[in-house]
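Heads up, the thing below is written out as structure tokens.
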Amino acid sequence: GDSVTQMEGPVTLSEEACLTINCTYTATGYPSLFWYVQYPGEGLQLLLKATKADDKGSNKGFEATYRKETTSFHLEKGSVQVSDSAVYFCAHTGTASKLTFGTGTRLQVTL
Amino acid sequence: DAGITQSPRHKVTETGTPVTLRCHQTENHRYMYWYRQDPGHGLRLIHYSYGVKDTDKGEVSDGYSVSRSKTEDFLLTLESATSSQTSVYFCATGTGADTGELFFGEGSRLTVL
């Protein structure tokens, strides 16, 4: 069935370090792919998305490229800030406009 | 923001009591969803609605029921709460377009003692 696998957290980085959070998916057809971010005490909000193979989504310095051949959508940022500390969820569309989410990866950025 | 409000935001109850969580949206989105968030499980879909009076089960629907009598309101009911239903519950809405973007409420933390 449909699933999303993310790397385990927490990921702890110093400010200005490079970030990669791995995400792979299993789905039928050609789903759209998403990264959502959850700041402490809040609901999830869309960070970026890609709707077809080789598309690159980007927002707030974060990027992810839809890799159909490896069924991956890894999240990257060249220089993280303390304000990026949050939980990041990878997701893809399934049937009936439903999203399948990964388990989330907590990122902690320290000074 | 999609104007999604959840109530109550926090609730503590005892095993066996009924609980209803309410989600209210002001964006006229067709689709509404209830998810639960638990450590190690991420978000799991409980039930969803694709229109007034049209609902369907998600992956963890046992012990939950929903109702949607108006476009703007989606209720989640635990008929007889159990400790395993202690969780943070999120409501989300969407237009149903293939873009798949969902808009989330701030969550309702439920503790069942």
So which atom in A:Phe89 and which in B:Gln37 form the shortest heavy-atom distance, rounded to 0.1 Å?
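Shortest heavy-atom separation between A:Phe89 and B:Gln37 comes out as CZ-NE2, 3.2 Å.
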Ignoring hydrogens, what is the shortest heavy-atom contact between B:Tyr48 and A:Lys98? Give both atom names and the distance.
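Smallest heavy-atom distance, with atoms named: CE2-CD, 3.4 Å.
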Value rounded to 0.5 Å, distance of CD in A:Gln38 from CD in B:Glu106:
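These two atoms lie 11.0 Å from each other.
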Mind checking the OH-CG spacing from A:Tyr36 to B:Leu102? Nearest 0.5 Å is all I need.
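If I round to the nearest 0.5 Å, the distance is 4.5 Å.
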Please check if [X] and [Y] belong to a single hydrophobic cluster, counting links between Ile, Leu, Val, Met, Phe, Trp and Tyr side chain heavy atoms closer than 4.5 Å.
{"X": "B:Val52", "Y": "B:Leu76", "value": "no"}
{"X": "A:Ile21", "Y": "A:Leu48", "value": "yes"}
{"X": "A:Val87", "Y": "A:Leu75", "value": "no"}
{"X": "B:Phe103", "Y": "B:Tyr89", "value": "no"}
{"X": "A:Leu19", "Y": "A:Leu33", "value": "yes"}

Using a cut-off of 6.0 Å, state whether more than 12 heavy atoms not belonging to A:Arg106 lie near its atom CZ.
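Check fails, neighbour count at 12 or below.
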Other residues, nucleotides, ligands: >12 heavy atoms within 6.0 Å of A:Tyr30 OH
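For A:Tyr30, atom OH is not crowded (no more than 12 foreign heavy atoms under 6.0 Å).
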Where does [X] contact chain A at under 4.5 Å (heavy atoms): side chain, backbone, both or neither?
{"X": "B:Arg9", "answer": "side chain"}
{"X": "B:Phe90", "answer": "side chain"}
{"X": "B:Glu59", "answer": "neither"}
{"X": "B:Leu45", "answer": "side chain"}

Any side-chain heavy-atom pair of B:Tyr33 and A:Leu99 under 4.5 Å
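With C-beta onward as the side chain, the pair stays apart.
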Going by ring-ring contact (aromatic ring centres under 6.0 Å, His included), name the residues that satisfy it together with A:Tyr88, two or more places apart in sequence or in a different chain.
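Partners of A:Tyr88 under the ring-ring contact (aromatic ring centres under 6.0 Å, His included) test: A:Phe62.
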Going by ring-ring contact (aromatic ring centres under 6.0 Å, His included), name the residues that satisfy it together with A:Tyr66, two or more places apart in sequence or in a different chain.
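ring-ring contact (aromatic ring centres under 6.0 Å, His included) check on A:Tyr66 returns nothing, list empty.
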How would you list all residue pairs meeting side-chain hydrogen bond (donor to acceptor under 3.5 Å, both in side chains) that involve residues 14-24 of chain B, not counting sequence neighbours?
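Qualifying pairs, neighbours excluded: B:Thr13-B:Thr17, B:Thr20-B:Thr77, B:Arg22-B:His24, B:Arg22-B:Asp73, B:His24-B:Asp73.
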If you check every heavy atom in residues 3-15 of chain A against those of chain B, which residues fall under 4.5 Å?
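Listed by number, there are no contacting residues, so the answer is none.
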Worked verdict on B:Tyr35 versus A:Leu44 for side-chain contact (heavy atoms from CB on, under 4.5 Å)
CA-CA 11 Å; B:Tyr35 286 89; A:Leu44 280 70; over 6 Å; no
Would you please test B:His41 and A:Phe101 for side-chain contact (heavy atoms from CB on, under 4.5 Å) and show each step?
CA-CA 9 Å; B:His41 292 280; A:Phe101 287 89; over 6 Å; no
